[in-house]
Asker: 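The structure's right below; bear with me while I get my questions together.
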Number of protein chains: 2
Amino acid sequence: MMPPRTPASAATSEPDPSRRNNLSLLTSLVHHHRVLSRAQLTRHTGLNRSTVGTLIGQLISLGVVYETAPSGEGQVGRPSPDVHSSPSIAALAVNPEIDAVTIGLVGLGGKVHKKIRFETERIPSAREAVNIAAAVIAGMRSELDASYRITGIGMAVPGLVNRDDGVVRHAPHLGWRNEPVARLLSEATGYPCQAANDASLGAEAELIFGAGAGQKNLIYLNGGPSGIGGGVIADGQLLRGVSGYAGELGHTFVRSEGSTCHCGATGCLETEVSQSRLLGLAGLSSGDTADLERALGNRNSSAVNDEVARQLTYLGITLRNAVNIFNPEAIVLDGFLGTLHALAPASLDGILHAQAMEGPAGQVKIYRAALGSDLMMIGAAELAFTPFLADPAGLGTTAGTVPAPTSQTG
Amino acid sequence: MMPPRTPASAATSEPDPSRRNNLSLLTSLVHHHRVLSRAQLTRHTGLNRSTVGTLIGQLISLGVVYETAPSGEGQVGRPSPDVHSSPSIAALAVNPEIDAVTIGLVGLGGKVHKKIRFETERIPSAREAVNIAAAVIAGMRSELDASYRITGIGMAVPGLVNRDDGVVRHAPHLGWRNEPVARLLSEATGYPCQAANDASLGAEAELIFGAGAGQKNLIYLNGGPSGIGGGVIADGQLLRGVSGYAGELGHTFVRSEGSTCHCGATGCLETEVSQSRLLGLAGLSSGDTADLERALGNRNSSAVNDEVARQLTYLGITLRNAVNIFNPEAIVLDGFLGTLHALAPASLDGILHAQAMEGPAGQVKIYRAALGSDLMMIGAAELAFTPFLADPAGLGTTAGTVPAPTSQTG
DNA sequence: GTTAAATTGTTCTAGACACAAACATATTAT
DNA sequence: ATAATATGTTTGTGTCTAGAACAATTTAAC
């Protein structure tokens with residue numbers, strides 16, 4: 001007996017959890033701030049100077065960050081070098097919509113390197129969306145292999161997405177039901193893929209890089225042409241729920257005599273507050289948020305004003321509920337909800353102070369979303385960054401080490 | 001120069017964060033399960049046998065847990081000793097209500113050793129409640145000092161409580177405003193004191209020891225004589241918000257023509273669903289939940305049925321919203337809301353499946369609260385256990401080491 | 001009933017890791 | 001030019017966890 005001893009050592013094996021933790025902490029910090037001096041990292045983490053030194057050294061040798069000469073800021077003492085997140089660590093982002101599939105390449109630090117919008121003539125099926133994404137990624141493949149280390153693919157889907165298995169439970173506006181998009185795209189590209197609700201990812205993006213930077217409790221609401229999506233950050237963490245369905249603030253009850261929503265209930269926010277009603281009053285048949293805002297700004301008819309006031313009332317009820325339930329620091333409004341708020345900035349604040357409970361009402365501020373069209377790319381990429389940030393030293397050591405693709409459908 | 005070196009070592013100083021983490025993990029596990037074999041602890045934590053051995057040894061010498069002979073379960077192999085949470089580690093719990101102040105002594109593991117209900121002739125002021133609690137605690141003092149190590153005092157208040165500083169922002173039914181109860185009670189007893197909303201603590205108690213045991217996403221709603229309180233557990237953590245005001249589901253908007261609530265808004269759940277309306281129909285002038293349930297069960301008039309159905313409709317709207325927003329596994333109903341649900345068990349399930357989104361609606365189950373009258377004591381004690389559980393080796397080493405009281409107001 | 005198998009506690013050792021101290025370096029203030 | 005300040009770097013130390021080897025104690029097998 002006695003096999004000649006199994007030292008359980010294959011190459012480096014697992015590092016200590018404490019090391020992984022600290023590496024993760026530093027990488028996340030650099031990712032969120034893009035640039036940070038080593039001294040700042042020492043203060044943020046509470047770790048020892050020398051510890052940060054060795055950790056940064058390891059991250060540099062892993063190709064995760066790089067240092068540049070100190071940007072002398074005029075402080076006393078030896079200048080501290082700047083630590084940057086490496087742009088060659090990147091994630092792919094995919095966002096299917098009713099009229100297009102957008103594919104993006106996003107670097108660590110949230111920089112969108114590339115964004116390709118593939119317009120479709122009709123609403124894409126799940127398989128079509130996957131095929132389009134796989135084809136575009138196949139086209140980028142040689143560049144990706146040469147210059148990037150891809151942590152994976154994140155997919156932002158307008159609908160209910162089970163985050164554990166990446167199955168789209170129901171995306172009403174796309175007409176998808178029970179589509180295992182993450183698995184499909186992963187098989188088609190060879191990259192690990194995860195999917196989540198678009199508004200939830202929007203909340204995360206705005207939290208890290210946008211209007212909610214530095215906060216820990218935030219509510220994000222996006223008004224798009226086909227409905228209202230929501231995402232909630234509680235205590236710095238995205239609210240997921242059991243399966244990742246959480247955050248559907250668009251179906252908050254706001255009106256007793258409301259009509260029936262496509263979700264089956266009556267009186268949902270989404271049926272009362274909609275972009276199409278505003279487009280109609282603005283005299284537009286279609287258009288994006290910028291067009292709408294311009295048109296509404298010019299028309300000052302009482303019909304427009306009444307409708308804006310009406311929609312703000314219902315939006316106010318949703319926000320009142322949300323403020324009472326979440327006690328957030330920030331509400332971030334995106335899409336035409338941002339427009340609505342901009343048209344009458346005092347309105348929502350007034351509703352909140354009158355109707356929400358005085359404790360939480362006094363602590364919340366309403367912001368307009370800051371990230372614009374890059375939002376979905378950054379949010380989806382975050383989905384693929386998350387496992388990497390949790391263990392920056394795991395798996396591949398340097399750029400180029402990427403799981404081989406199994407097939408390129410397209 | 002060179003002062004003779006400061007070894008920064010005062011006695012034991014700080015242990016490594018990793019040790020504190022593991023100690024905390026083990027203690028919390030034992031606290032939640034009450035009894036657990038050492039082998040089970042090894043599996044739950046993923047730590048090495050030998051590591052668990054040394055950790056348990058340290059916890060035993062700290063008086064946090066104790067071991068008993070294996071309760072031979074008929075498994076192959078050497079039996080593993082049982083690890084129990086020490087009942088001598090305890091916390092004090094205080095719960096002011098409109099007609100009484102209840103003080104409790106709760107051991108690690110959630111066992112209520114003692115519960116003293118001090119009835120008041122009128123609604124107690126904040127200072128009166130503090131004085132009552134301090135007097136009762138002063139009376140228990142010698143017993144506490146002799147037999148217990150008290151981790152602190154937790155206070156469950158029916159109202160908005162700032163969890164950071166323990167100030168009651170507004171407790172409408174008690175008539176309190178901006179009362180620094182935690183500081184007052186701490187000064188009066190010498191124990192560290194924290195305060196929080198009663199329903200939030202109820203949610204935590206039901207999560208750990210009650211109907212939601214083992215779950216990670218739970219909504220707790222309590223219907224009391226003076227209103228409806230709510231608490232939410234998201235991803236295993238109590239939803240706090242910026243200041244701890246989160247969870248106020250009792251003020252969810254449920255009716256457009258609703259009357260004005262004492263919170264200032266209209267159409268709140270609390271104004272439509274109330275115990276007093278049910279008491280009236282049941283022919284009772286006052287009474288607790290058990291009385292109400294008995295009376296309603298006997299009277300089967302259509303007036304009663306209509307009112308029950310009406311209240312369930314509005315409760316259903318709140319739960320619909322909450323399910324869409326939180327995607328929870330469990331809804332726990334306490335107080336007369338539990339009665340309401342018990343009178344027509346299929347009603348809420350039906351509403352949820354018809355009105356909530358199909359993804360989250362299919363994953364949630366409705367439970368009735370399990371902890372009964374001990375709930376507030378357990379929840380409040382949890383508030384005082386939390387810092388202890390985070391660092392079981394911090395500060396005092398054995399029973400009896402308690403911060404000295406500064407004064408005993410009474 | 002005796003032996004084998006399985007599971008767990010116990011002891012000892014080694015490797016990893018973070019910290020502190022001492023020193024070196026680079027900037028601003030005097 | 002010198003002092004003060006802040007930070008990177010090197011080296012040694014103490015802590016902590018995992019793993020190996022062994023002992024203990026039960027059930028299963030023959």
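Throughout, a chain's letter reflects where its sequence line sits, starting with A, and its residues are numbered from 1.
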Asker: How are the rings of Phe209(B) and His31(B) set to each other: parallel, tilted or perpendicular (split at 30° and 60°)?
Answerer: perpendicular
Asker: What integer distance in Å separates Leu55(A):CG from dC17(C):P?
Answerer: 9 Å
Asker: Hey, are Asp391(A) and Arg19(A) close enough for a salt bridge, meaning a charged N less than 4.0 Å from a carboxylate O?
Answerer: no
Asker: Would you say that more than 12 heavy atoms from the other residues, nucleotides or ligands in this model lie under 6.0 Å from the CD of Gln237(A), or not?
Answerer: no
Asker: Starting at atom CZ of Arg78(B), determine the distance to atom C1' of dA23(D), rounded to an integer number of angstrom.
Answerer: 7 Å
Asker: Between the base of dG8(D) and the side chain of Ser80(A), is there a donor and acceptor pair under 3.5 angstrom?
Answerer: no
Asker: Taking all heavy atoms of Thr151(A) and all of Ala384(A), pick out the closest pair and write down the distance.
Answerer: OG1-O, 3.2 Å
Asker: In this structure, how many angstroms lie between the P atom of dT27(C) and the CD atom of Gln75(A), rounded?
Answerer: 13 Å
Asker: Below 4.0 angstrom, which residues in residues 21-33 of chain A have at least one non-hydrogen atom near DNA chain D?
Answerer: none
Asker: Testing the basics here: between Leu218(A) and Gly212(A), what is the closest heavy-atom pair and its distance to 0.1 Å?
Answerer: CD1-CA, 3.5 Å
Asker: On DNA chain C, check which nucleotide each of Thr51(A) and Gly53(B) is closest to and give me the residue with the more 5' one.
Answerer: Gly53(B)
Asker: What's the CD-P distance between Gln58(B) and dT15(D), to the nearest Å?
Answerer: 12 Å
Asker: Could you pick out which residue, Asp16(A) or Gln40(B), lies toward the 5' side of DNA chain C when each is mapped onto its nearest nucleotide?
Answerer: Gln40(B)
Asker: What is the distance, to the nearest angstrom, from the CZ atom on Arg49(A) to the P atom on dT9(D)?
Answerer: 11 Å
Asker: So for Ser50(A) and dA20(C), does any side-chain atom that can act as donor or acceptor lie under 3.5 Å from a complementary atom in the base?
Answerer: yes
Asker: Under 4.0 angstrom, heavy atoms only, what part of the nucleic acid is Asn48(B) near: base, sugar-phosphate, or nothing?
Answerer: base
Asker: Heavy atoms only, 4.0 Å cut-off, all strands: where does Pro81(B) land among base, sugar-phosphate and nothing?
Answerer: sugar-phosphate
Asker: Please list all pairs passing the salt bridge (Lys or Arg N to Asp or Glu O under 4.0 Å) test where one or both residues lie in residues 24-38 of chain A, with sequence neighbours left out.
Answerer: Arg38(A)-Glu67(A)
Asker: Once you apply a heavy-atom cut-off of 4.0 Å, does Arg20(A) come out as touching a base, just sugar-phosphate, or nothing?
Answerer: nothing
